[in-house]
Amino acid sequence: MVAGGSSARVRAAAPPSSHHRRRVRRAWLFLAPMLVVLSLVAGWPLARTVALSLTDATLNTLDEANFVGVANYLAYGPPLDAFDPDAGAYYLYDAEHDRHFVLDAQTGRLTDETDRDHPIVYDRVDGDYVHAETGEPAPGIADPLFQWSGVLADRLWWRAVANTLVFAIASVSLEVILGVAIALALNAGLQARGLLRAAVLIPWAIPTVVSAKMWGWMYHDSFGVMNDILLGLGVISEGLAWTADPHLAMAAVVFVDVWKTTPFLALLVLAALQMLPGECYEAARVDGVHPVTVFWRVTLPLIKPALVVAIIFRTLDALRIFDLIYVLTANTEATMTMSVYARQELIDFQNVGAGSAASTLLVFVIALVTVFYLMAGRVRLGAD
Amino acid sequence: MAGIVFDRVSKRFGTAEVIRNVDLDIAPGSFTVFVGPSGCGKSTLLRLIAGLEDITAGTLLIEGCPVNDVAPAKRGVAMVFQSYALYPHMSVYQNMAFGLSLAKTDRRETDRRVREAARILQMDHLLERKPKDLSGGQRQRVAIGRAITREPKVFLFDEPLSNLDAALRVQMRLEIAKLHRALGATMVYVTHDQVEAMTLAEQIVVLNAGAVEQVGAPLELYHRPQNRFVAGFIGSPQMNFLPGTLAAAGADGVAVALAGLASPVPAAVAPDGQAAGAAVSLGIRPEHIVVGDGVAAAGPHGRIALVERLGSDTLLHVATQAGHLVVAAGAATKARVGDTIRLGLPADACHVFAADGRALARRGATEA
Amino acid sequence: MAGIVFDRVSKRFGTAEVIRNVDLDIAPGSFTVFVGPSGCGKSTLLRLIAGLEDITAGTLLIEGCPVNDVAPAKRGVAMVFQSYALYPHMSVYQNMAFGLSLAKTDRRETDRRVREAARILQMDHLLERKPKDLSGGQRQRVAIGRAITREPKVFLFDEPLSNLDAALRVQMRLEIAKLHRALGATMVYVTHDQVEAMTLAEQIVVLNAGAVEQVGAPLELYHRPQNRFVAGFIGSPQMNFLPGTLAAAGADGVAVALAGLASPVPAAVAPDGQAAGAAVSLGIRPEHIVVGDGVAAAGPHGRIALVERLGSDTLLHVATQAGHLVVAAGAATKARVGDTIRLGLPADACHVFAADGRALARRGATEA
Amino acid sequence: TLSCSALGTELELCREGAEAWAEATGNTVELVSTPNSATDRLALYQQMLASGASDIDVFVIDVIWPGILESHLVDLSGLVPQEDIDQHFPAIVDNNTVDGRLVALPWFIDAGLLYYRTDLLDAYGQTVPQTWAEMAEAAAAIQEGERAAGNAQFWGYVFQASAYEGLTCNALEWIDAYGGGLIGDDGRPTVDTPQAIAALEEAASWVGAIAPPGVLNYTEEESRGVWQAGNAAFMRNWPYAWALSQGEDSPIRGLVGVAALPRGEGEGAGHTGALGGAQLAVSRYSEHPVVAADLVRYLAGYEEQKRRAIAGSFNPTIMALYEDPEVLAANPFFGELFDTFTHAVARPSRITGARYNEVSSAVFSAVHAVLSGEAAAAEALADLNAELNRMSRGGRW
Amino acid sequence: MAIPGRSRPATAAFYAAVAVIVVYTVFPFYWAVNSSLQTPQELFDVTWFPFSFSFGNYAHVFDGQPFGRNILNSVFVAVLTVGISLALSLTAAHALARVRFRGRGLLLLAILSVSMFPQVAVLGGMYELIRSLGLYNSLYGLVLSYMIFTLPFTVWVLTTFLRELPRELEDAAIMDGAGPWTTLTRVFLPLMGPALVTTGLLAFIAAWNEFLFALTFTLSDSQRTVPVAIANFSGASQFELPWGNIMAASVIVTVPLIVLVLVFQRRIVSGLTAGAVKG
Ligand SMILES: Nc1ncnc2c1ncn2[C@@H]1O[C@H](COP(=O)(O)OP(=O)(O)OP(=O)(O)O)[C@@H](O)[C@H]1O
Ligand SMILES: Nc1ncnc2c1ncn2[C@@H]1O[C@H](COP(=O)(O)OP(=O)(O)OP(=O)(O)O)[C@@H](O)[C@H]1O
Ligand SMILES: [Mg+2]
Ligand SMILES: [Mg+2]
């Protein structure tokens, strides 16, 4: 796919000499320690997550989980979490008619136990339900009980996906702009740039746990400094509830994330800037190229590889964003991201199966975005 | 067209003074060649003109205006860098078109100029390559192409042909001369190639250790070097120098006594205040030494130590009693290593340099 | 001492075949010079010898052993890169000492060798500088120094002197020749400088578009080029070519009819199977054309279009009825632009090339 | 060698207590500090317990966790004498008994309280409100007055409405005050009732009127911040805010009153407060369950709870301590609280077991939507009811 | 020094932009310092300047808990993590950047995919792994687990930067008889200054700030790292947030990082490859 552009492929076609083979062997030797460590720390946890996503495990029943296929992702039928293995039955609820049913997994017999004292039993005949006693048909009775279930059928999941994408796009694009700007400023050789560099790094250096709380404090609608400043400047006339107002919450979170992670981007871009060959800048200066054009046409293409990597890692992080959102806005739907969703399923709700499925889907979404980036950025992984 | 004037310009890197007090006048539309030993400051001078280095002291004027503080972009110069300085991420075409596309030149016009330059530089087939896939000479041609597409007022060429083969170099040289005639732009050119310098230059500037040794038309430098440095630097193979003393100094010439020679060698130079007995050196170019039986017995003679046959020419390295001499004999010469030959030093081909290196004014010889 | 043999070696970059089926024998301890137009594959050949590029097809042998699969470090070669490839973070001294320190050479010995190389290269005072603070020529010298200190069996030089001034270039050339004699190492050398090629080489390899055109001693190439390409490439200024037809072909020579000339020009070459009437071109080097009133009226004549005075020589560009001719006249010539002159083409200086470029065998001329 | 996981908060007291026990019994105790955030702590515990780690023997667990962690905890009923158990508030013991197994001993108790500004009530001629409507009225009046007096930041009432567990507590209190409930005894949800709707409508009417819009993201500390800065007339909070409000540098020191939360209107209305507090439990994977149970018994015992009540104002779970003169001398308001504690309403964690968090999340999400005006109370509660029904497995959970 | 070749207004605008950026980044930190010097009560007010200057919060950070020890733990873990991941990824990056072999792109993608998993998802598996290796409640366990997020990052970044170095340099080193290892350590490494320092710094801070793993894989106070220690700070009771202490601790742990940046940025200098090659 992304790997290996055309020229790389053609070159690979030449018969590799044993010299080249030796080089490759040595390359693998160089790779080995890293690969060993990485597969050690990543292999088991990742495999386990994927495996668990195919079971009905809960936090308390990790060892006795049953394989359920892709039901955690998407399934049609009686919902998975309605199944009680001990009783061998599904406990179903028909929200439309406000009725409770018990569906015997083995016999297919359906019991309406809305009134516990007077259960009504239905038998399954040719796919339809009939009164067990009277044999009268009960049309449509099962329909609402059979539904799409799994993470993919959860409205909240899709909300989380949308939130995450909005968050990632907004914060990463702002970060890129700001980060590149900061890097350029740092690279422009002004006095005290050492201090500036340190200053810019501060947000990154404060533990997220702390900085999220700190911003929560600063965002506070009555004793937070944000409102104080804005009120003082006359920008707003009354204090805003930054993190509480569903319309502001996302913006508020993005603002903090940009603050927090721009240094990451700025620093990487700065490093890239400083490794550029100086001579073609001289050429550009003599050619009378406007600095802005130099940036777009020379600098940017040259730092592109590093920038793309920085953006990829920032995007991965943004797509996995958890603690900041969690601390600032808790589980609010307006800002719930995929990670928050996954964690809610996994830890809060103890649904290890569904949580793992959500995590795996999250990885899938991230992978899609990454591949998209790589293609859009024309990153040729295999090329020199 | 823009004249360039250096007014007591100096440049220091740290403590090293690389350009010392250079006064220089480059006429608008002229073709000036800088020559000088490696590291003498030629590239630095070009970089000063381009504005890539700050001037430590003195004033640089372009078109009569001091430009010490003018940004490179505003000086209207194009430069071919000794180290090429290509944009690594752009193809050859893009490298050459970059300056034009920025100047908002019409797309068709850009294309025309780039293709024209590529044709001149014989690299039509390379337009889509990236610099890293080019040979050294090809990269150099891209660097030249980039400058010529821009058609600026001043061209700065830093050894633009050094990585090209002889045939291509001759062609390129002619192209540059043609360009100069066509555009009338001021061109400043650094080269180590004597032929380039002699054929292209209207004015050659000889630099040494950051200072100007002599400025003049090519043949003037060849025939009337002002000092021993210039004499040795201009002309290839190099001028021979023999130590000696002034035996006689008259109005119609001097005579230089050389070691091991019975009679002093006459030279058609003015004594210029040097009295008889002063230590001098006698200079004579290899191509001016006369070889053969016909020469006076008074001249130096010696064993041939080395014969270098260049095809069109043959260089004889002769160890004479007066010192080591390189002689340019015709291609047809039969001389062999070990032969003893007799050399004639024609009086009007001789240069005499005072102990401080200053040349005594020559008489007869003029630029042909 | 190590001989190098190319046995049908090819090299492709992607789809471009850059080296085509090269067969070549480089004797142990010899000095071989590669010449050829820019981009013809000279650097690539060196890189193949060094092992920096994989050989696509064929076998390369060093000291008789196939080395296609031998690591560069094990081949005992040192290389001076056209692009210098200096370690930017190391001082000049460290750059030169790096190879030695890797080879665990004794510290004192390292120091001795580095200082010796620096002395030869006249850069004792630059030892502590970093590459970025050096001029182009100085960088090039560091690159040479790095190779010299390592004292390998095979030296590969890729245009090592292209950025040096004429005087230094002569010195460096002599130093390299001296080094060659002293070490007896095999040296392979790429240059665009005719003088370097002629004086240094024991054997010159002329390359064109990735293939070997001719291999031979310098003067052999000069006097007996096997084809028009070599004839045009060796010698500076370039040989003149005039289109014509074979008027007569006899055992003692042929005569070539040129446009606008009353009588065909005789040339001392064997007809080599070409019959009268065949289209050929007549080649003659500028330095072999005779100028003056004494020449036969039968020769071409024409107006002087351009006079290039090089000091030691003067080049006349003459538009004759037979075509454009460059003539090397003596420095003393009085010829001026616009003069009409008459040129003599001596029969034994003439080369004749068949329509396919092949040279007809010359008779008389030998390497002097 | 025992490890006791304690809230860093009460670390000092916990350490002293544990060391006293260690001295008495010759065992050694190692204390482990845990995250301040309850959610983090629960996740951590679950991680350890799920892997069967024996590193920690005694856990301090929240009042809502017995149902969640039950399968990892030891049944203490056999290890602790019955009379020791009986001295605690029965509501809590009940809460800690899952499927007949007593999985934790109560350690201290918390319940939601109404804090009010005595000075402001006096100034505006108000009395301590008995119903939510009165509270809202009083709050509005005071707020209007204070704002007119120049404090633009002033609000009538602050509480906890961020989308988190605390909102479930608040909501439960409102609904309970109106006589409603979340889950019935049969395990079936009961939130879609007129009482609950009335309660939520009432609460929703506060936001932006007497409560700051930002209350939707307030947790305990944010509301205390507003309150303690003197910018609120009323506050709903846990007992801990008392000591801080009366602290040395508190601007409202001496101006604070505490009362049970107001009741709603209509049938079944009453004062209430959500039950909170900490329990002590022994891990099933402990290598020394008996010794650990002894530590638990000691820490939850009369003497220790008394010591903690005196030294740290921790509300004892032993009913007798509310009459203990030494305790009352140290904490004069304890007497008033006793009533609240006895009437405290427990969150349905025991009945919903491991799925309590899911229930709570559904509850606070729905309530948050109502408070923020995104949904009407009736629809939100109907949806919530259906959602809970879906989860409830017909009441079996 | 002004920016060469810019006009005065442009320079002024430039400095104004820099000032805005500085305020944006530094202000919250100032606020933290400000908060840390306030009494608990002042926190509930917008106080622009800590008039009271109570250093009690700072003193309090160190008594009652082994905060000094926690800092040392963090330093140990972060240094080791950065050291190991830089060492591992340097060699790996060399192979990935400078040797052409089949599956290179796929491998890079695979390495990247490791960092696509959210932390919560790997937590369980990682916990089991750490336990089974006997590294529970040990700083080495943390170092190991941190590899999961530092390694992909360092490998990718270093690979990118290594790719940019001119190929001729490697050729020259090869001709000088340097093996890949020597080439890497003696030729490339010195040129990678900016990249190494930057990646190292970013990885260091990532490890320094990590919370979830540190919380889950350590138990005793003596093995805790700073973020966990700070999160475990608590007030007099469950709900009270000891804000002043937390801010003081945050300031305490941020300052060394700033110093670190100031120290290491000497290495972030430009133009390291200048003069190496023509081209
Ligand atoms: N990596 C590459 N990919 C594709 N083509 C290449 C690559 N490297 C070199 N070439 C091409 O191979 C040919 C030979 O290059 P080489 O460097 O050997 O030329 P050269 O004879 O040394 O030329 P010069 O005298 O200009 O240095 C050139 O046409 C060049 O463009
Ligand atoms: N940045 C620098 N710092 C210190 N010295 C420098 C710097 N740049 C150049 N030099 C020195 O200045 C002198 C002049 O350099 P310059 O590049 O102008 O020489 P040049 O005449 O172009 O030589 P060449 O013919 O070898 O290219 C040299 O001795 C060089 O070492
Ligand atoms: Mg130069
Ligand atoms: Mg080459």
Side-chain angles (χ1 to χ4, degrees), chain B residues 13 35-44 82-83 123 126 133-138 140-141 158-159 162-170 192-195 198-199 218-219 221-223 232-238 285-287 308-315 328 331-334 367-368, chain C residues 13 35-44 82-83 126 133-138 140-141 158-159 162-170 192-195 198-199 218-219 221-223 232-238 285-288 308-315 328 331-334 367-368:
Chain B
F13 287 115
V35 297
S38 168
C40 70
K42 303 178 295 296
S43 300
T44 307
Q82 189 170 10
S83 59
M123 42 194 327
L126 300 175
D133 295 339
L134 295 178
S135 78
Q138 289 164 342
Q140 196 161 38
R141 282 180 272 164
D158 200 351
E159 308 193 22
S162 62
N163 282 15
L164 304 185
D165 58 281
L168 191 55
R169 195 182 296 196
V170 171
H192 288 311
D193 188 299
Q194 298 274 338
V195 178
M198 299 303 278
T199 54
L219 287 184
L221 297 187
Y222 182 81
H223 291 297
F233 198 82
I234 300 287
S236 174
Q238 225 191 338
R285 299 195 182 276
E287 59 269 29
E308 292 184 320
R309 293 187 181 276
L310 309 180
S312 56
D313 235 341
T314 306
L315 298 183
T333 180
K334 298 273 183 299
E367 51 292 359
Chain C
F13 286 117
V35 297
S38 169
C40 70
K42 304 178 295 295
S43 299
T44 307
Q82 187 171 9
S83 62
L126 302 174
D133 297 338
L134 297 178
S135 78
Q138 290 162 342
Q140 197 160 40
R141 281 180 271 163
D158 201 351
E159 308 193 21
S162 62
N163 282 28
L164 304 186
D165 59 282
L168 190 56
R169 195 181 298 195
V170 172
H192 288 312
D193 186 299
Q194 298 274 338
V195 177
M198 300 303 277
T199 54
L219 286 185
L221 297 187
Y222 182 80
H223 290 298
F233 199 81
I234 299 287
S236 173
Q238 227 191 338
R285 299 192 181 279
E287 60 269 29
H288 294 155
E308 293 184 319
R309 295 188 182 274
L310 309 180
S312 56
D313 234 342
T314 305
L315 299 183
T333 180
K334 298 273 182 299
E367 53 290 2

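Throughout, a chain's letter reflects where its sequence line sits, starting with A, and its residues are numbered from 1.
- At distances below 3.5 Å, at least one donor-acceptor pair connects side-chain atoms of C/D165 with backbone N or O atoms of B/S38.
- Contacts of B/D193 classified as salt bridge (Lys or Arg N to Asp or Glu O under 4.0 Å), with partners at least two apart in sequence or in another chain: B/R169.
- Contacts with chain B were tallied for C/R285, C/K42, C/E159; C/E159 has the most, counting heavy-atom pairs under 4.5 Å.
- With rounding to the nearest 0.5 Å, the separation of CG in C/L310 from CD1 in B/I234 is 12.0 Å.
- Only the side chain of B/L168 comes within contact range of chain C, with heavy atoms under 4.5 Å apart.
- Between B/D133 and C/F13 there is no side-chain heavy-atom pair separated by less than 4.5 Å.
- Of the listed residues (B/M123, B/R141, B/Q238), the one with the most heavy-atom contacts under 4.5 Å to chain C is B/R141.
- For chain C, the option among B/S236, B/A167, B/P37 with the highest count of heavy-atom pairs below 4.5 Å is B/P37.
- Interface residue B/Q138: backbone and side-chain heavy atoms are both found under 4.5 Å from chain C.
- Between B/R309 atom CZ and B/L315 atom CG the span is 10.5 Å, to the nearest 0.5 Å.
- The candidate with the highest count of non-hydrogen atom pairs below 4.5 Å against chain C, out of B/S135, B/G137, B/S312, is B/S312.
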